[in-house]
Protein chains: 2
Amino acid sequence: MSMPDPDRTPPRRSRGRPRGFEPHEALDAAVRVFWAEGYEGASVNRLSRGMRMPKASLYQAFGDKEGLFLAAVHHYGDTRLVPVAQAIGPNGSLHDDLCAFYEAAVRLGTADPATPGCLISCVLAEVAGTNPRFRAELGARFTALETRLHSRLLAGRSEVIGDSDPAVLAVMLASVARGMMVRARAGADRDMLQAVGRATVDLISR
Amino acid sequence: MSMPDPDRTPPRRSRGRPRGFEPHEALDAAVRVFWAEGYEGASVNRLSRGMRMPKASLYQAFGDKEGLFLAAVHHYGDTRLVPVAQAIGPNGSLHDDLCAFYEAAVRLGTADPATPGCLISCVLAEVAGTNPRFRAELGARFTALETRLHSRLLAGRSEVIGDSDPAVLAVMLASVARGMMVRARAGADRDMLQAVGRATVDLISR
DNA sequence: TGATTTTCAGAACCTACAGTCTGCAAATGG
DNA sequence: CCATTTGCAGACTGTAGGTTCTGAAAATCA
């Protein structure tokens with residue numbers, strides 16, 4: 001919980017023995033381990049090793065495994081998802097922005113064969129089945145993307161083909177993205193997924 | 001592995017003590033437990049209790065937990081997915097068939113709050129991250145749905161709006177379905193998801 | 001230097017897990 | 001009625017899980 005902000009280095013070294021791990025890289029490693037192996041599949045020992053962070057420090061920083069996972073999800077959002085969401089814009093035309101969005105999403109889901117798909121749609125979604133905290137987190141993240149897409153559609157409503165409800169269209173566009181992420185988990189051809197993204201955009205704009 | 005066929009009752013009771021569980025219901029219970037709690041989240045003791053099947057019989061029938069999970073996935077496919085796939089038809093117009101497909105999918109993913117989403121897209125997808133057997137199973141199931149949708153699009157190609165590649169369109173339609181299932185895992189409004197299905201169909205046909 | 005603070009390494013703890021074994025129960029066949 | 005077959009309940013096993021603890025290590029401060 002009290003993981004020091006990796007961006008703001010303290011002006012003067014604090015007292016006590018200095019830590020031997022990099023907070024930012026540690027969280028990033030946790031993201032990769034959870035992403036590849038799932039929540040239950042990733043043991044704390046495995047995480048501790050991957051993060052190069054002693055178990056004692058890990059528990060002091062995050063409380064428990066659940067806290068670590070939630071922190072990893074946030075880090076994943078900040079480092080992986082924010083760029084994808086930013087592609088939505090508005091940056092250029094609606095068509096171009098949505099293409100950029102899908103392109104970024106597909107790249108994310110197929111970048112590393114060790115971490116296929118999306119941490120949110122594939123891993124968080126599974127454990128959301130019974131854990132209410134995880135389910136709330138999942139719902140919030142899903143709603144946030146849909147809201148963002150909805151705003152973008154409203155901003156470019158003149159470029160939308162047809163007369164579908166923009167709110168429904170937003171959920172549909174988000175569903176395509178998530179479906180592609182899940183598809184990538186089984187090892188899908190990246191070019192095929194990119195084509196799916198373009199085809200989707202072509203259906204609703206231009 | 002040697003689970004007796006629940007459909008073909010043996011003509012004469014075999015020797016030995018008769019089993020005290022219903023094979024069909026046992027597998028169905030396993031489906032629900034895995035569906036709700038995930039693969040790692042469902043312990044064998046929990047499964048044994050839910051299935052009303054002694055652990056010894058369970059191991060004799062399925063070998064190990066992995067075998068039980070795969071059997072549950074197959075049972076889920078036979079009992080839950082086959083009807084959804086059959087809705088694709090061809091039964092009526094392309095538009096109506098696809099609407100029926102999404103309607104059945106959404107009903108499946110939102111029928112029971114204890115088992116939100118889809119066993120394949122939410123649970124099998126997670127464990128497919130590291131387990132090659134599970135990943136192969138996931139890939140096969142995904143490809144099967146896409147192939148079926150592709151065939152349906154080819155059969156009704158005159159009803160398709162636009163000039164998208166039917167193969168790409170098929171993957172896109174499947175992605176929407178999977179994305180909606182994952183969305184349902186966070187507890188989505190059923191009517192909203194139904195609207196998403198209709199909107200998707202309206203984009204490509206009519 | 002010594003007191004203090006923080007981190008670290010790894011042992012220790014208890015629980016829960018997947019999987020096995022043993023002995024009894026309940027049926028059939030002769 | 002006894003042998004045989006099959007299934008069952010639950011104890012058992014060994015391992016791995018998450019979490020805590022202890023004492024040493026490494027830094028600062030006075």
Side-chain angles (χ1 to χ4, degrees), chain A residues 1-6 9-27 29-30 33-34 37-72 127 130-131 133-134, chain B residues 1-6 9-27 29-30 33-34 37-72 127 130-131 133-134:
Chain A
M1 303 303 201
S2 65
M3 189 100 165
D5 189 336
T9 313
R12 191 85 166 293
R13 178 89 106 330
S14 65
R15 285 184 67 172
R17 175 173 174 171
R19 55 173 58 93
F21 60 91
E22 299 297 324
H24 193 90
E25 289 187 14
L27 252 189
V33 173
F34 279 127
E37 306 180 8
Y39 176 70
E40 312 267 14
S43 76
V44 174
N45 276 324
R46 172 82 186 75
L47 287 159
S48 170
R49 244 182 298 123
M51 298 168 76
R52 282 184 231 280
M53 185 170 173
K55 253 195 309 186
S57 311
L58 194 156
Y59 274 96
Q60 189 192 324
F62 302 107
D64 57 7
K65 192 186 180 184
E66 218 176 286
L68 171 59
F69 181 60
L70 255 4
V127 289
T130 46
N131 184 313
R133 212 166 150 203
F134 291 163
Chain B
M1 304 307 195
S2 65
M3 188 100 162
D5 188 336
T9 313
R12 191 83 167 294
R13 179 92 106 324
S14 65
R15 284 186 66 173
R17 175 173 173 170
R19 57 172 58 91
F21 60 92
E22 298 298 324
H24 193 88
E25 289 187 16
L27 251 189
V33 173
F34 279 126
E37 305 181 9
Y39 176 70
E40 313 267 13
S43 75
V44 175
N45 277 324
R46 172 84 186 72
L47 287 159
S48 168
R49 243 182 299 124
M51 299 168 76
R52 280 184 231 277
M53 184 171 173
K55 244 189 329 176
S57 311
L58 194 158
Y59 275 97
Q60 188 191 325
F62 302 107
D64 57 8
K65 191 186 180 183
E66 218 176 287
L68 171 57
F69 181 61
L70 256 3
V127 290
T130 46
N131 185 313
R133 211 165 150 205
F134 291 163

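Sequence lines set the chain letters: A, B, ... in the order given, protein chains first and strands last, and positions in each chain run from 1. Any value given below was found using the heavy atoms of this structure, including those in side chains, with hydrogens, waters and symmetry copies removed. If you're wondering where the values come from, they're calculated on a predicted model, not measured in any experiment.
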If you check the [X] side chain, which of [options] turns out closest?
| X | options | answer |
| --- | --- | --- |
| B:R19 | C:dA18, C:dC8, D:dC8 | D:dC8 |
| B:K65 | D:dT20, C:dA18, D:dT6 | C:dA18 |
| B:R17 | D:dG7, D:dA11, D:dT19 | D:dG7 |
| B:P18 | D:dA24, C:dA26, D:dT19 | C:dA26 |
| B:R15 | D:dT20, C:dG29, C:dA18 | C:dG29 |
| B:Y59 | C:dG19, C:dC8, C:dT7 | C:dG19 |

Find the distance [X]:[atom1] to [N]:[atom2] and express it as a whole number of Å.
| X | N | atom1 | atom2 | result |
| --- | --- | --- | --- | --- |
| A:K55 | C:dA12 | NZ | C1' | 10 Å |
| B:L68 | C:dC17 | CG | P | 15 Å |
| B:M53 | D:dG7 | CE | P | 10 Å |
| B:L58 | C:dT20 | CG | C1' | 13 Å |
| B:F21 | D:dA9 | CZ | P | 11 Å |
| B:R46 | C:dC17 | CZ | P | 11 Å |
| B:R49 | D:dA9 | CZ | P | 14 Å |
| B:M51 | D:dG7 | CE | P | 15 Å |

Note to self: With side chain to side chain contact (heavy atoms under 4.5 Å, CB included) as the criterion, how do B:L70 and B:F134 come out once you've worked through the C-alpha distance, each side chain's angles and the decisive distance to 0.1 Å?
What the structure shows: CA-CA 8 Å; B:L70 256 3; B:F134 291 163; 3.8 Å; yes

Check: Taking OP1 and OP2 of D:dC8, is either one under 4.0 Å from a side-chain nitrogen or oxygen of B:S57?
Finding: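 Result: yes.
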
Next item on the list: Give a yes or no on this: more than 12 heavy atoms of other residues, nucleotides or ligands lie within 6.0 Å of atom CD of B:E66.
Entry: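 Yes, CD of B:E66 has more than 12 neighbouring heavy atoms, counting only those of other groups under 6.0 Å.
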
Check: How far apart are the C-alpha atoms of A:V127 and A:F69, what are their side-chain angles, what is the distance that settles it, and do they pass the side chain to side chain contact (heavy atoms under 4.5 Å, CB included) test?
Finding: CA-CA 11 Å; A:V127 289; A:F69 181 60; 4.1 Å; yes

Notebook entry, point to check: Do B:K65 and B:Y39 come within less than 4.5 Å of each other through their side chains, counting heavy atoms only?
Noted result: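 The answer is yes, as the side chains (C-beta and beyond) meet within the 4.5 Å cut-off.
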
Next item on the list: Locate the shortest heavy-atom distance separating B:E37 from A:T130; write the atom from each residue and the value.
Entry: CG-CG2, 3.8 Å

Margin query: Can you work out whether A:N45 or A:A56 has the more 5'-proximal nearest nucleotide on DNA chain D?
Written below: A:N45

Margin query: Pick the closest DNA chain C nucleotide for B:E66 and for A:P54 by heavy atoms, then say which residue is nearer the 5' end.
Written below: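 Final value for this comparison: A:P54.
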
